[in-house]
Number of protein chains: 2
Amino acid sequence: MARKRSYSRVTRQALSILGKLIRVGRTERGMTAQELADRAGISRTTLYNIEKGAPGPEVGVVFEVATLVGVRLFQVDDRTLQMHNARLDEKLTLLPQSVRPARREVDDEF
Amino acid sequence: MARKRSYSRVTRQALSILGKLIRVGRTERGMTAQELADRAGISRTTLYNIEKGAPGPEVGVVFEVATLVGVRLFQVDDRTLQMHNARLDEKLTLLPQSVRPARREVDDEF
DNA sequence: AATAAATGTACAATATATTGAACGTTAAGC
DNA sequence: GCTTAACGTTCAATATATTGTACATTTATT
């Protein structure tokens with residue numbers, strides 16, 4: 001019943017940074033929290049949690065908010081995103097569709 | 001009652017890419033979906049949605065899964081993340097704590 | 001080709017995020 | 001220094017994500 005999750009330090013750091021980047025972006029653009037929340041179609045409460053770096057909010061919403069204030073996910077523009085996406089599709093076709101656990105890693109024990 | 005959100009193309013692209021990066025990372029490490037889900041403390045169903053690029057999953061969970069398979073958020077290591085975080089804190093202290101909407105943007109209409 | 005495990009996907013039950021309201025606090029601009 | 005809007009934060013109600021189960025499909029290996 002209790003879900004209670006734990007997050008690694010890297011994850012918490014990343015969440016914190018993304019939240020701060022959003023806050024900086026918003027402030028630099030002179031938008032109030034309410035304005036940004038409205039544009040993103042969320043409540044000010046949720047935006048508050050996002051800027052605070054909370055782990056709960058939906059990833060899609062967080063990305064959307066980031067985009068709205070000019071924070072670039074993956075540090076690249078739209079066109080480059082498309083390219084990456086296409087390249088990943090290629091890469092995926094080269095990998096096995098399903099993983100057989102017997103693989104004992106690349107770096108085998110000796 | 002109906003929440004019904006919309007996401008920009010950039011957001012959808014980013015979600016799709018992140019999902020694929022996770023899938024690639026998992027496959028390259030020879031982990032089954034169930035294994036990764038267990039390590040992340042989530043169900044295989046949720047992992048499935050994450051790899052599919054669905055917008056709904058919690059951002060913290062998505063980041064955690066990404067970290068587990070070696071996908072670096074912001075393309076940097078732990079130490080660099082900390083530095084970025086600290087620098088952002090500085091930057092935040094320089095910005096106004098609250099935004100007054102009358103700011104009419106940096107590029108004013110002359 | 002046979003086979004067993006991984007994956008894709010749907011669904012009802014349940015845990016949790018989201019929301020709007022509320023209210024005290026802080027700070028921008030006069 | 002006043003004023004008042006923005007911000008921080010809590011909370012109950014509600015919408016939605018999560019989970020476990022289940023089953024069909026695909027796929028790696030013998």
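Numbered from 1 within each chain, the chains take letters A, B, ... in sequence-line order. Everything quoted here is computed from the prediction, not taken from an experiment.
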Partner set under side-chain contact (heavy atoms from CB on, under 4.5 Å) for A/Gln97, not counting sequence neighbours: none
For atom NZ of A/Lys4 and atom P of D/dT19, their distance in whole Å: 15 Å
Pair listing, salt bridge (charged side-chain N to carboxylate O under 4.0 Å, His left out) test, anchored in residues 12-22 of chain B, at least two apart: A/Asp89-B/Lys20
Sequence neighbours excluded, every pair satisfying salt bridge (charged side-chain N to carboxylate O under 4.0 Å, His left out) that has a member inside residues 62-80 of chain B: A/Arg9-B/Asp78
Minimum heavy-atom distance between A/Leu18 and A/Ala66, given as atom pair plus value: CD1-CB, 4.4 Å
Rounded to 10 degrees, the angle between the two terminal axes of the helix from C/dA1-D/dT30 to C/dC30-D/dG1, each from five pairs: 80°
Distance-minimising heavy-atom pair for A/Val65 and A/Ala40: CG2-CB, 3.8 Å
Counterpart residues, side-chain hydrogen bond (donor to acceptor under 3.5 Å, both in side chains), relative to A/Arg26 (two or more places apart): A/Glu51
Nearest-nucleotide comparison on DNA chain D, the residue closer to the 5′ end among B/Gly41 and A/Arg23: A/Arg23
Contact nearer the 5' end of DNA chain C, comparing B/Gln34 with B/Arg5: B/Gln34
Which residues share a side-chain contact (heavy atoms from CB on, under 4.5 Å) with A/Gln75, sequence neighbours left out: B/Phe74, B/Gln75
Greater than 12 external heavy atoms within 6.0 Å of B/Arg5's CZ: yes
Partners passing salt bridge (Lys or Arg N to Asp or Glu O under 4.0 Å) against B/Lys52 (at least two apart in sequence or in another chain): none
Strand contacts (DNA chain D) in residues 55-65 of chain B, 4.0 angstrom heavy-atom criterion: B/Gly56, B/Pro57, B/Glu58
A/Thr32 side chain, from C-beta outward: closest of C/dT18, D/dA6, C/dT7: D/dA6
Sequence neighbours excluded, every pair satisfying side chain to side chain donor-acceptor pair (under 3.5 Å) that has a member inside residues 36-47 of chain B: B/Gln34-B/Asp38, B/Ser43-B/Thr46
Taking only nitrogen or oxygen atoms into account, show me every contact under 3.5 Å that the protein makes with nucleotides 25-28 of chain D, one pair per line with its distance.
residue: D/dA28; atom: OP1; partner: A/Gln97; partner atom: N; Å: 3.1

For DNA chain C, the residues among residues 44-54 of chain A that have a non-hydrogen atom under 4.0 Å from it: A/Arg44, A/Thr45, A/Thr46
d(CD1, A/Ile42; P, D/dT16) in whole Å: 15 Å
Between C1' of C/dG8 and CZ of B/Arg26, the distance in whole Å: 12 Å
Whole angstrom value for the distance that separates P of C/dA28 from CG of B/Leu94: 13 Å
Residue pair B/Leu47 / B/Ile42: nearest heavy atoms and the distance that separates them: N-CD1, 3.9 Å
Minimum side-chain heavy-atom gap B/His84-B/Thr80 below 4.5 Å: yes
Close side-chain approach of A/Leu15 and A/Thr11, heavy atoms under 4.5 Å: yes
